[in-house]
2 protein chains.
Amino acid sequence: MANLKQLAQSLGLSITTVSRALDGYADVSAATRERVRDAAEKAGYRPNASARRLRRQRAELVAVTLPSDPGHIGPPHFLDMLSGCAEHLAAAGLNLVIAPVPRGESELEICRRFVDGRRVDAMLLVRTKRKDERVEFLQSRGIPFVTNGRTESPVPHPYIDGDGFAGFHAATLRFHADGHQRIGHIAGPQEYYFAHVRRMGWQAAMQKVGLQASLCCEGPPTEQGGYLAALKLLSQPSRPTALICATDEMAIGALRALREVEGGSQIAIIGHDDLSMDAFTSPPLSTMRMTGGNLGASFASLLLRAIAGEPAEDLQELHPIEFVDRDSHRRPPIAA
Amino acid sequence: MANLKQLAQSLGLSITTVSRALDGYADVSAATRERVRDAAEKAGYRPNASARRLRRQRAELVAVTLPSDPGHIGPPHFLDMLSGCAEHLAAAGLNLVIAPVPRGESELEICRRFVDGRRVDAMLLVRTKRKDERVEFLQSRGIPFVTNGRTESPVPHPYIDGDGFAGFHAATLRFHADGHQRIGHIAGPQEYYFAHVRRMGWQAAMQKVGLQASLCCEGPPTEQGGYLAALKLLSQPSRPTALICATDEMAIGALRALREVEGGSQIAIIGHDDLSMDAFTSPPLSTMRMTGGNLGASFASLLLRAIAGEPAEDLQELHPIEFVDRDSHRRPPIAA
DNA sequence: ACGATTCTCCAAAACGTTTTGGGAGTCAAG
DNA sequence: CTTGACTCCCAAAACGTTTTGGAGAATCGT
């Protein structure tokens with residue numbers, strides 16, 4: 001309720017002394033420090049955030065841009081991640097603001113507004129593209145940032161990502177080990193790094209075991225996208241006997257397609273993300289997910305270290321992907 | 001990159017004039033206004049947010065506190081709601097910051113920090129309790145706020161809520177019309193307004209049709225809570241033939257219990273929230289959901305109007321609940 | 001031609017904090 | 001008695017904006 005000036009006046013001290021007493025500087029006597037702190041406590045004094053921010057030249061804020069493009073919002077567990085991140089940032093005196101992208105504006109626009117208006121000390125980027133203009137912009141401005149997902153940027157930047165290549169590579173080999181030969185891939189939009197790298201993992205594995213990586217169909221990373229892609233693959237002359245989907249949402253769409261097509265229920269399928277609904281689909285959807293504990297905490301830590309000036313090379317986390325064994329991947333290869 | 005002073009200097013104008021030119025005041029000539037705006041554009045000038053906030057005595061921020069208590073995060077579609085809300089607030093120059101509650105601290109603590117530090121112009125509260133200390137605090141401070149869910153506060157405040165009473169009342173009557181007599185209720189923690197009012201709706205309907213409202217069990221609003229509550233109700237000497245659950249999460253837990261108990265699959269069940277996974281449970285979960293379009297936009301609008309000083313009475317929205325007809329509620333009453 | 005009005009512009013204050021660069025006073029050593 | 005070190009405190013500047021209260025010049029009405 002009160003301000004530093006009033007508090008100082010009521011104590012017969014200068015603003016300087018009160019400020020320094022509260023901040024625990026050694027150049028104010030223990031006696032006055034106590035006196036000041038008692039008074040501040042009693043008055044319910046909290047420093048005015050805007051004033052502090054102006055003076056310290058720090059926004060005490062970190063922004064995360066929410067993608068709204070593909071109709072659906074970001075990665076799974078996204079809110080949990082944000083919440084964890086915000087909690088850990090708060091412990092360091094930073095708050096997390098969410099920066100949605102209004103229709104008609106680009107994510108770059110938003111970054112610019114936040115950065116040039118000195119509204120944030122750092123940014124958190126999700127859904128990176130292989131060539132991501134936001135990353136280029138932030139690098140040119142020298143603003144600390146961390147991305148969820150890698151990019152193909154020539155200059156390194158902090159990120160946290162799952163090793164999608166290895167995950168999809170392993171999944172493909174697993175199907176092959178089960179005897180599958182016609183292993184199809186339902187891919188996400190290839191401008192996204194995660195989608196591209198997952199496709200590459202599948203492709204490399206197919207090549208490794210000497211199979212043609214031809215059964216691939218790309219679509220938007222949504223249920224509908226997966227549905228349509230699956231229908232297309234199933235209409236091929238030589239159908240796939242197993243399907244690897246870029247995301248669980250697409251996999252769920254593909255499941256719908258499988259139910260509608262004769263013999264579709266014979267086809268093995270696996271997704272990626274471990275959505276909470278996977279346990280309830282029929283059949284329960286086998287999937288993969290990134291390992292590593294509290295993702296939000298990791299992001300917060302990386303952000304803080306980036307703000308502190310640690311080099312980008314030290315701020316890159318690539319987490320292994322683990323297999324989540326439910327049921328949908330257990331379908332024997334259909335005899336030709 | 002630049003500030004007002006540099007811009008003014010480079011133009012040979014005063015800071016005042018530049019500021020007013022950019023803000024479009026009439027007391028600067030059209031010619032200079034253009035000149036200033038061109039220069040500002042070219043320099044990529046954006047006003048420093050902290051400075052503006054300090055001077056205008058507005059934080060340009062709205063905080064939403066994320067409950068983290070029951071292990072699980074808030075209502076369904078929560079992130080979509082936040083995103084929509086943030087988008088509409090942004091159009092009015094406000095940003096949304098998320099304020100998680102660190103372990104060991106109360107939500108009240110967080111409110112206090114944000115409000116007394118002048119960090120926000122308004123707050124958005126979710127998961128209100130019948131007697132909510134956050135509401136009392138904000139009312140005492142005179143800070144604009146909107147809650148998601150009503151409270152029993154004697155002084156009115158802005159809110160958006162679903163008419164849980166009517167929804168659960170109607171659901172109960174629907175079961176009764178189907179011939180059910182032993183209609184049980186799995187209730188959420190009664191200190192939450194939503195949980196209480198839903199139980200009241202069930203109770204009132206039971207009373208209305210002359211049935212005993214005795215088959216009720218309360219638990220935490222989680223899958224596990226629903227599971228345990230259902231087990232308890234099923235172990236009663238006279239089992240329910242239909243179950244109304246306070247939330248879908250609890251209903252999903254209850255479904256698990258039904259599968260484990262002999263004859264459980266004969267029992268009709270309905271939840272509330274319309275989680276995306278409801279379509280995939282077996283059987284697909286019938287449920288209810290709040291009507292009304294973009295919830296986030298409504299919250300944003302109410303927040304802005306509250307900030308503008310409209311009286312609380314004009315800022316209360318009670319939305320009807322609609323029935324979502326899937327399959328789980330279609331079970332004939334078991335003959336006794 | 002002269003006061004009144006309108007047009008443009010500006011100096012300075014204010015927002016509330018943190019930080020710089022001392023300034024008194026005290027005390028012990030020289 | 002002087003010097004230096006130390007302790008405790010403070011005045012003033014600075015952060016970058018918005019807003020107040022005019023000031024000077026040009027224009028208008030009479």
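Here the structure is a predicted model, which is why all the values come from computation and not from measurement. As a basis for the values below, the full set of heavy atoms in this structure was taken, side chains included, without hydrogen atoms, waters or symmetry mates. Chain naming here is simple, since letters A, B, ... match the order of the sequence lines and numbering starts at 1 in each.
Note: CG (L11(B)) to C1' (dC9(C)) measures 14 Å, nearest angstrom.
No more than 12 heavy-atom neighbours from other residues, nucleotides or ligands sit within 6.0 angstrom of CZ on R58(B).
Here the CE atom belonging to M290(A) is positioned 9.0 Å from the CG atom belonging to L318(A), to the nearest 0.5 angstrom. Rounding to the nearest 0.5 Å gives a distance of 13.0 Å between NZ of K129(B) and CD of E152(B).
Taking only side-chain nitrogens and oxygens, T32(A) comes nearer than 4.0 Å to OP1 or OP2 of dC9(D). Side-chain N/O atoms of S29(A) include one lying less than 4.0 angstrom from OP1 or OP2 on dC9(D). Contact annotation: S14(A) reaches the phosphate of dC10(D) (side-chain N/O to OP1 or OP2, under 4.0 Å).
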Protein-proximity profile, nucleotides 16-27 of chain D, B/S/- by nucleotide at the 4.0 Å heavy-atom cutoff, equals BBBBB-------
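Distance alone, capped at 3.5 Å, places no donor-acceptor pair between the D132(B) side chain and the T151(B) backbone. Using a distance-only test at 3.5 Å, with no hydrogens or angles considered, no donor-acceptor pair links the side chain of T147(B) to the main chain of R150(B).
S301(A) and H88(A) are not linked by any side-chain donor-acceptor pair at a separation below 3.5 angstrom, with hydrogens and angles left out of the test.
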